[in-house]
Amino acid sequence: MSESQSSQTAAPASDANKKSAAIPLRFLAPLLIFVALLVLFFFGLGKDPTELPSALQGKTMPAFQLPVLGEETRLVTDADLKGKPYLLNVWATWCPTCYVEHPYLLALAQQGRIRLIGMNYKDERDKALQYLARMGNPYETVISDADGRLAIDLGVYGAPETFLVSADGVILYRRAGDVNERIWQDEIVPLLAQAGVTAVSPAEGQP
Amino acid sequence: MMMHAKRLQSVLALCLLLLVGKVWAEIDAYPFDDLAQEKRFHTLVQEFRCPKCQNQNLADSNAPLAKDLRDIIYAKVKANESDQAIASFLQERYGDFVLYRPPVKASTMLLWFGPALVLLIAIASAWRWLRRRPAPSNSPLTEQEQARLKALLEGGKPS
């Protein structure tokens with residue numbers, strides 16, 4: 001027994017001595033793989049697994065013609081919104097995160113940092129109007145997407161979602177989840193700067 | 001006895017309720033022109049992933065969005081749109097994510113060929129490892145070894 005063991009351990013050692021260059025790689029490879037996985041997992045950790053990559057970034061806003069919430073005879077089209085960049089915010093009273101997001105939208109509107117267009121998504125008209133009356137209305141216009149067809153054209157899969165649309169109607173950015181100060185500063189402001197809007201223009205038609 | 005019967009009844013009622021819940025998921029009744037059309041619809045809704053629930057296909061999902069997408073696919077099947085057209089309709093909006101079989105392109109290369117690559121690496125390293133093992137030596141013993149063997153053999157014997 002002891003003889004066979006000693007011969008086994010002796011052989012690879014002499015083999016390894018001959019090919020000294022092969023040793024480091026053999027021992028380093030698992031370590032390298034481990035480090036690579038560590039890096040991969042570390043960057044994966046911060047990601048929201050439910051967040052989908054946006055298929056519409058860089059494309060033009062889909063064409064639509066939808067009524068204004070509470071003023072159903074007035075119709076708004078995609079062309080009507082052009083002229084200045086805006087945030088299209090998809091919200092609903094059935095969406096808990098929308099309540100969390102709402103105060104920040106109000107702040108954005110009050111400081112006149114950007115035009116906000118609301119898109120009331122598959123909601124009950126009266127509930128939606130009460131929501132705005134009770135919590136304040138940060139939007140320049142609220143369009144009502146009652147059957148959710150525009151939402152599907154925008155690739156919306158939940159609420160809230162927010163799209164940054166350029167003055168000529170190109171979708172620059174999409175955020176699935178709430179917009180907050182961090183998102184505004186880190187993700188939206190740089191894009192606005194790129195689009196040539198350095199000084200944020202005051203929103204029009206704000207009360 | 002009465003107690004047992006009552007308990008059995010409530011268990012049965014619960015089972016029934018659960019069954020009803022299962023049936024609700026598949027209740028949208030779509031009228032079709034023919035069987036082929038119906039079959040095509042059912043194949044299609046199973047081909048696409050629900051963007052909302054992520055681990056279910058459009059057929060299985062109870063999400064309102066899945067229902068809306070089923071309605072759209074139904075309308076498109078009725079309008080005789082091709083499978084390709086329906087797939088690109090969804091893909092344009094929700095990305096490759098909605099496809100259970102994403103297209104082969106730069107960003108999906110790893111997904112498609114990663115497992116095969118790992119298998120190849122594993123086979124290659126196993127092969128190398130097997131070949132590296134020293135072959136049993138057939139060379140005759142040296143004089144010194146012969147002497148040591150002799151000594152061991154003789155010394156080990158109880159006299």
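Atom CD of B/E145 has more than 12 neighbouring heavy atoms from other residues, nucleotides or ligands inside a 6.0 Å radius. Other residues, nucleotides and ligands contribute at most 12 non-hydrogen atoms within 6.0 Å of the CD atom of B/Q144. Within 6.0 Å of the NZ atom in A/K127, the count of heavy atoms belonging to other residues, nucleotides or ligands does not exceed 12. Atom OH of B/Y100 has more than 12 neighbouring heavy atoms from other residues, nucleotides or ligands inside a 6.0 Å radius.
Residues passing the side-chain hydrogen bond (donor to acceptor under 3.5 Å, both in side chains) test with A/N120, sequence neighbours excluded: A/D123. For B/E143, there are no side-chain hydrogen bond (donor to acceptor under 3.5 Å, both in side chains) partners, not counting sequence neighbours.
Taking CD1 from A/I152 and CG from B/D71, the interatomic distance works out to 8.5 Å, rounded to the nearest 0.5 Å. Interatomic distance, A/Y121 OH to B/L65 CG, rounded to the nearest 0.5 Å: 5.0 Å. The structure places CG of A/L56 at 7.5 Å from CZ of B/R93, a figure rounded to the nearest 0.5 Å.
Among all heavy-atom pairs drawn from B/E92 and A/K59, the shortest one is O-NZ, 3.9 Å.
Contact of B/L90 with chain A is not made at all, since no heavy-atom distance falls under 4.5 Å.
Taking 4.5 Å as the limit, every side-chain heavy atom of A/R149 sits out of range of all side-chain heavy atoms of B/D68.
Highest contact tally toward chain A, considering only B/V98, B/D96, B/I72, is held by B/I72 [criterion: heavy-atom pairs under 4.5 Å].
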